[in-house]
Amino acid sequence: MNDLSLTYQIKESQIDADKHTVVCGILEEDCLSENNRFYPSKIVRESMGKVAGKKSVVGHESNSPMDVVAIIEKSEMRGRLGVGHFRFGRDTVSEAMFSKVKEGLIDSVSIRASGTTKRGKIGNEFVDVVEELDAQAFPMFHDS
């Protein structure tokens, strides 16, 4: 299994300050990432079916419960866009991250994942086509 972590621009975000929730697009099917990985529809849909219950943490390397800021309560596909429903905690770190998302200071997510790829051609360009994707922390908010 290779490291298939990626950064994805938040799309279609909805923020509910009273419920402390953010609903946003986190992965798009048939998209080519900045590091030349192609995420086929089948892989994105399978992955989105497994993200409910995953934690959102601060930092790429952290597994500490102290760094958990949100949980994905639900995920769904809206057309080609995989959408996550995040519920943020009420502790100081979670509040700070929620505030940054709400104010637009954080506008992308980072997905810590592993999986497998194979070389393929999209148009005239050779890329790594993702064949298997296992998201461990999906996603982690970070400053872009």
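Atom set for the values below is all heavy atoms of this structure, side chains included, hydrogens, waters and symmetry mates excluded. For clarity, every value in this text was computed on a predicted model and none was experimentally measured.
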At their closest point, which heavy atom of Ala52 faces which heavy atom of Glu73, and how far apart are they?
CB-O, 4.1 Å

Note, Val23 side chain near Phe86 side chain (heavy atom, < 4.5 Å)
no

Full working for side chain to side chain contact (heavy atoms under 4.5 Å, CB included) between Val44 and Met77:
CA-CA 9 Å; Val44 170; Met77 292 299 297; 4.2 Å; yes

Residues clustered with Val127, ILVMFWY side-chain links under 4.5 angstrom
Leu32, Phe38, Ile122, Val129

With rounding to the nearest 0.5 Å, note down the distance linking CG in Leu27 to OH in Tyr39.
7.5 Å

Can you tell me how far the CG atom of Asp91 sits from the CD atom of Glu95, to the nearest 0.5 Å?
7.5 Å

How long is the span from the CZ atom in Arg80 to the CZ atom in Arg45, to the nearest 0.5 Å?
10.0 Å

Glu132/Ile43 under side chain to side chain contact (heavy atoms under 4.5 Å, CB included): CA gap, chis, key distance, verdict
CA-CA 7 Å; Glu132 184 180 343; Ile43 297 302; 5.6 Å; no

Side chain proximity check, Met48 to Glu29, heavy atoms < 4.5 angstrom:
no

Nearest 0.5 Å please: distance from the OG atom of Ser47 over to the CG atom of Asp134.
8.0 Å

Compare every heavy atom of Asn36 with every heavy atom of Phe126, then report the nearest pair and how far apart it is.
O-ND2, 4.4 Å

Side chains of Val58 and Val93: does their closest heavy-atom pair fall under 4.5 Å?
yes

Side chain Lys55, main chain Ala70, donor-acceptor under 3.5 Å:
no

Spacing of NE2 belonging to His85 relative to CD1 belonging to Ile26, to within rounding of 0.5 Å
9.5 Å

Do Ile71 and Phe98 share a hydrophobic cluster (ILVMFWY, side-chain heavy atoms under 4.5 Å, transitive)?
no

Could you check whether any side-chain N or O of Ser94 sits under 3.5 Å from a backbone N or O of Arg90, counting only pairs where one atom can act as donor and the other as acceptor?
no

Glu131 side, atom CD; Thr116 side, atom OG1 - distance, nearest 0.5 Å:
5.0 Å

When you measure from the side chain of Thr117 to the backbone N and O of Val130, does any donor-acceptor pair fall under 3.5 Å?
no

Would you mind checking if Arg119 and Asp128 are paired as a salt bridge, meaning a charged N to carboxylate O distance below 4.0 Å?
yes

Closest heavy-atom pair and its distance - Glu76, Lys74
OE2-CE, 4.0 Å

Which residues share a side chain to side chain contact (heavy atoms under 4.5 Å, CB included) with Lys42, sequence neighbours left out:
Glu46

Kindly determine whether Val101 and Ile15 satisfy side chain to side chain contact (heavy atoms under 4.5 Å, CB included), including the steps that lead there.
CA-CA 9 Å; Val101 171; Ile15 299 168; 4.3 Å; yes

